[in-house]
Protein chains: 2
Amino acid sequence: MDYKIKSRIWVEHKDGMFLGEGRIQLLKAIKSEGSLSKAAASLSMSYKKAWNLMDSMNKSAKEPLVVASTGGKGGGGAAITAYGEKMITAFENINKSCWEFLDSEFKKLEL
Amino acid sequence: MDYKIKSRIWVEHKDGMFLGEGRIQLLKAIKSEGSLSKAAASLSMSYKKAWNLMDSMNKSAKEPLVVASTGGKGGGGAAITAYGEKMITAFENINKSCWEFLDSEFKKLEL
DNA sequence: ACTCGTTATTTCTTTGTAAATATAACGATA
DNA sequence: TATCGTTATATTTACAAAGAAATAACGAGT
């Protein structure tokens, strides 16, 4: 059997996407880069797209996941909140366990 | 908590998609309609897209999932093979159990 | 006041994908 | 051999999503 099962998970709220794999990737890049523009560059993503994702996340969450500051020393920057960190680990844990679950189920099938 | 977790699963082989939710839907429509064009119409899908999906599935499977005949009484038609039936039920079972798994995992989180 | 690198936002352009359209091929039946 | 409804395929059109580019705003430090 040379087939592989794949999956994608995401979290929605009343009207639309809240968290998905791309958004989690962006959160992690913001954390490691300390800036939205650098995070976007590190993911080969346009700044605008990154900003849209961040804005959408912050607007649809109870608390912001990212805080950004403009101006000042270094021009500003962006950082992940404690709530944001919690979301990253929660998402990655459930995603990983989903993969494991699917792999084991799929192996049982013997297609 | 007004968040909901969602997922999509699919099966790939060496270079590309083999089975996904849209393809399974199409297989089921072919089964109930007996024709590719009627199946496409019932799903509000263009004939061309339906044909592409069917062709891709048949080409990447060990055995065809759909057999189509052209000409003859009634103009022809399409039908699901036993192998195709097996794929439908296998996919739907694993998909359902994945949803249940995710829902229960997500409930544990209390975001 | 001026500089700096960043965030924030608008507008325009491009591009990739889906949809519409048209047409050929097919073969049992009459 | 003419008809019929389907499968099979190429070509064109339309549209939406992504990207590029340009510009404004910001505020600590000098």
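Since the model is a prediction, treat every value here as computed from it, not as a measurement. Letters A, B, ... mirror the listed sequences (proteins, then strands); counts begin at 1.
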[N] phosphate, OP1 or OP2: any side-chain N/O from [X] under 4.0 angstrom?
X	N	answer
A:K73	C:dG5	no
A:S37	C:dT7	yes
B:W51	D:dT7	no
B:S69	C:dG27	no

- Query: Given that A:G71 and B:S35 both sit by DNA chain D, which one's nearest nucleotide is further toward the 5' end?
  - Reply: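 Closest to the 5' end, via its nearest nucleotide, is B:S35.
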Taking for B:G74 and for A:G74 the nucleotide of DNA chain D with the nearest heavy atom, the one nearer the 5' end belongs to B:G74
**Request:** Please state whether the rings of A:F18 and A:H13 are parallel, tilted or perpendicular, taking 30° and 60° as the class boundaries.
**Result:**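 Geometry flag for A:H13 against A:F18: perpendicular rings.
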query = Quick one: the side chain of A:K48 and the base of C:dT7, do they pair up donor-acceptor inside 3.5 Å?
reply =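 Under the 3.5 Å cut-off, the side chain and the base do not form any donor-acceptor pair.
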Let me test you: for the helix from C:dA1-D:dT30 to C:dA30-D:dT1, what is the angle between the axes at its two ends (five pairs each), rounded to 10 degrees?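 If I round to tens, the end axes sit 10° apart.
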One should read off an interatomic distance between B:R23 CZ and B:M87 CE, to the nearest 0.5 angstrom, of 13.5 Å
To the nearest 0.5 Å, atom CG of A:L26 lies from atom CD of A:E33 at 11.0 Å
A:A40 and A:S46 have their tightest heavy-atom pair at CB-O, 4.0 Å
Closest heavy-atom pair, B:L19 versus B:F91, reported as atoms and distance to 0.1 Å, is O-CE1, 4.1 Å
Next on the checklist: Here's a test of your reading of the structure: between A:D55 and B:G72, which maps to the more 5' nucleotide of DNA chain C?
Outcome noted: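 Result: A:D55.
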| field | Basic-acidic side-chain contact under 4.0 Å: B:K96, B:E92 | value |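 Salt bridge: no.
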Should the pair B:K59-B:D55 be classified as a salt bridge under the 4.0 Å nitrogen-to-oxygen rule? yes
Open item on the list: Base, sugar-phosphate or nothing for A:M45? Non-hydrogen atoms, less than 4.0 Å.
Closed with: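 Nothing, no heavy atom under 4.0 Å.
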For atom [atom1] of [X] and atom [atom2] of [N], their distance in whole Å:
X	N	atom1	atom2	answer
A:L53	C:dT7	CG	P	14 Å
A:E33	C:dG5	CD	P	17 Å
B:N52	C:dT17	CG	P	13 Å
B:L36	C:dC26	CG	C1'	15 Å

Can you tell me which nucleotide in C:dA19, D:dT7, C:dT9 comes closest to the side chain of A:Y47?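 When the side chain of A:Y47 is considered, C:dT9 is the closest of C:dA19, D:dT7, C:dT9.
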Side-chain contact check for B:K49: nearest option of D:dT6, C:dA19, C:dT6 is C:dA19
